[in-house]
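Per chain, numbering begins at 1; letters A, B, ... match sequence-line order. None of these values were measured; they are calculated from a predicted model.
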2 protein chains.
Amino acid sequence: MTTDASTVLIIEDETPVRRFLRTSLTAHGFRLLEAETGREGLTLAASHNPDLVLLDLGLPDGDGVDWLGQLREWSRVPVIVISARGREDDKVIALDAGADDYLTKPFGVGELLARIRVALRHAKGLEAPSDVRIDLPGLSIDLPRREVEVDGHEVRLTPIEFKILVLLARNAGKVLTHRQILAEVWGPSHAGLHHNVRVHVALLRKKIELDPTHPRRLMTETGVGYRLRDREPD
Amino acid sequence: MTTDASTVLIIEDETPVRRFLRTSLTAHGFRLLEAETGREGLTLAASHNPDLVLLDLGLPDGDGVDWLGQLREWSRVPVIVISARGREDDKVIALDAGADDYLTKPFGVGELLARIRVALRHAKGLEAPSDVRIDLPGLSIDLPRREVEVDGHEVRLTPIEFKILVLLARNAGKVLTHRQILAEVWGPSHAGLHHNVRVHVALLRKKIELDPTHPRRLMTETGVGYRLRDREPD
DNA sequence: ATCGAACTTGACGACTTCTTGATACGCGAT
DNA sequence: ATCGCGTATCAAGAAGTCGTCAAGTTCGAT
């Protein structure tokens with residue numbers, strides 16, 4: 001297997017910076033995709049599935065962290081944030097939003113390349129099921145579009161319902177405990193929200209089950225958690 | 001299973017820096033290991049298997065990059081290098097030697113913690129998929145799916161039954177005492193629950209034995225406890 | 001300010017799982 | 001045989017879990 005050139009998506013509005021990055025990266029054998037806005041960047045990310053994203057925070061169409069958040073809803077591609085903002089808070093926010101690294105302008109090409117190598121090294125280990133969509137019997141999810149189809153027709157899900165469904169679908173067949181669902185959907189600091197999971201699962205079932213009183217997809221494992229079937233029952 | 005505190009190994013010779021890190025990290029719920037030399041650090045890493053390593057480059061017994069190289073020969077634990085050297089070359093060398101991140105002193109605690117979170121996030125993905133299933137003659141258990149198959153057909157187990165079976169299966173062939181089963185399944189504070197083990201073993205047998213009155217898998221060791229056969233009897 | 005969608009919270013019945021105690025069984029020692 | 005010990009079985013009730021509804025809250029859009 002030849003080690004194909006990795007594709008890097010640059011999301012950066014300032015033309016000189018972009019040109020500089022383009023020159024440096026192509027010279028080192030990377031294939032490039034370029035976007036000037038967050039929206040454009042997300043679209044490219046969805047369509048071309050790059051191996052790495054370089055994201056500038058100061059974009060014309062909104063804060064880069066917000067775009068990062070959106071990207072992270074469906075993609076685990078390594079993201080290195082490049083920013084003129086050097087404040088510690090900026091870094092913490094971006095890193096917690098899902099960035100894998102944070103470089104403050106100005107930076108050296110050597111360091112950038114080294115950090116790209118680190119990020120790619122990580123990604124290789126993950127061998128992420130680069131999932132733009134998830135397909136299960138009678139159920140398909142388009143992550144970037146946030147669209148869910150059940151038996152052919154589309155279904156509208158609220159943010160929480162969508163998160164729960166994606167989490168279960170990504171682990172289709174496995175049982176996810178209440179604790180896991182809480183942690184992933186509501187974040188690390190969850191107090192007495194146990195009950196919430198049940199309520200939202202019930203709402204979700206109303207939308208994805210033909211007969212919510214007799215679920216055939218989203219099964220409950222009493223005393224443990226929930227499981228989304230990855231194959232038809234016998 | 002509670003999400004245990006992560007253990008961080010600090011390899012740093014300067015006492016004040018170490019103390020500073022110790023205070024910051026323990027305050028945020030990390031367990032700590034500390035070493036003043038590279039050799040000591042490697043030993044600790046080998047014996048305690050930390051979740052993350054903070055490595056200073058200026059160590060008394062040789063360059064930190066060399067120690068990093070040695071560590072990388074057998075471990076993939078995330079390593080964040082902390083160094084006073086801010087030169088680009090230093091960063092590139094350390095990152096290419098296997099470091100996952102590089103922080104230049106002085107740095108803020110917030111950024112350090114954020115970068116630790118990033119590193120731990122990465123590590124979680126590539127944890128060794130150890131023992132996802134247990135196979136014994138006529139009996140197979142899929143842990144993440146929580147599925148149990150007996151002679152081909154699936155069997156539904158309650159949480160306690162599942163716990164007991166997994167415990168016995170993990171120690172197939174060995175005898176587990178009542179006390180051990182109680183401790184593992186019901187937790188440390190178990191009073192007069194001795195009888196419970198019997199009841200639940202009986203229930204379990206109904207589900208995994210063809211003839212529960214003459215067990216062929218889940219054997220009673222009178223006066224001691226129970227044992228799950230790891231091979232067919234002759 | 002008003003409205004609506006989404007989320008949270010509490011209450012209740014239905015259901016599953018667990019515990020408990022009574023009783024029966026098997027087997028070796030007397 | 002009979003006793004005693006550890007074990008197995010059963011059924012009833014206790015405890016816990018789940019699904020559902022309805023009322024309340026938050027938040028952004030109008």
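- Along DNA chain D, the stretch of nucleotides lying under 4.0 Å from any heavy atom of chain B spans, 5' to 3', dG6(D) to dC10(D).
- The aromatic rings of Phe107(A) and Phe20(A) sit tilted, their planes meeting at an angle between 30° and 60°.
- OP1 or OP2 of dT19(C) lies within a sub-4.0 Å distance of a side-chain N or O belonging to Trp186(B).
- Rounded to a whole Å, the NE2 atom of His195(A) is 9 Å from the C1' atom of dT8(C).
- Considering CG of Leu218(A) and CZ of Arg216(A), their distance stands at 13.5 Å, rounded to 0.5 Å.
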### Task
Check the pair His200(A) / Trp186(A) against ring pair (Phe, Tyr, Trp, His ring centres under 6.0 Å), numbers first and verdict last.
CA-CA 12 Å; His200(A) 285 281; Trp186(A) 275 267; 5.7 Å; yes

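- For the segment residues 197-219 of chain B, residues with any heavy atom less than 4.0 angstrom from an atom of DNA chain C are, sorted by number, Val199(B), His200(B).
- Between the P atom of dT19(C) and the CD atom of Glu161(B) lies a distance of 11 Å, rounded to the nearest Å.
- Contact check, Thr158(A) against dA5(C): no side-chain N or O comes under 4.0 Å of OP1 or OP2.
- For Lys174(B), the NZ atom is loosely surrounded, since the number of other residues' heavy atoms within 6.0 Å does not exceed 12.
- Atom CG in Leu157(A) sits roughly 13 Å away from atom C1' in dA6(C) (whole-Å rounding).
- For the pair Ile141(B) and Leu143(B), the minimum side-chain heavy-atom distance is below 4.5 Å.
- Taking atom CG on Asn196(B) and atom C1' on dT19(C), their separation rounds to 6 Å, with Å as the unit.
- Counting heavy atoms of neighbouring residues, nucleotides and ligands inside a 6.0 Å radius, atom CZ of Arg133(B) exceeds 12 of them.
- Scanning both residues, Gln180(A) and Val175(A), for their nearest heavy atoms gives OE1-O, 4.0 Å.
- The CG-C1' distance, from Leu193(A) to dA6(C), rounds to 15 Å in whole Å.
- Side-chain polar atoms of His122(A) and Asp100(A) form no donor-acceptor pair below 3.5 angstrom.
- Between the NE2 atom of His194(A) and the C1' atom of dC7(C) there is a distance of 18 Å, rounded to whole Å.
- Tested against Thr220(B) for a side-chain hydrogen bond (donor to acceptor under 3.5 Å, both in side chains), the candidates Arg198(B), Arg227(B), Arg205(B) yield a single pass: Arg205(B).
- Separating the CZ atom of Phe162(A) from the P atom of dA6(C) is a distance of 14 Å, rounded to the nearest angstrom.
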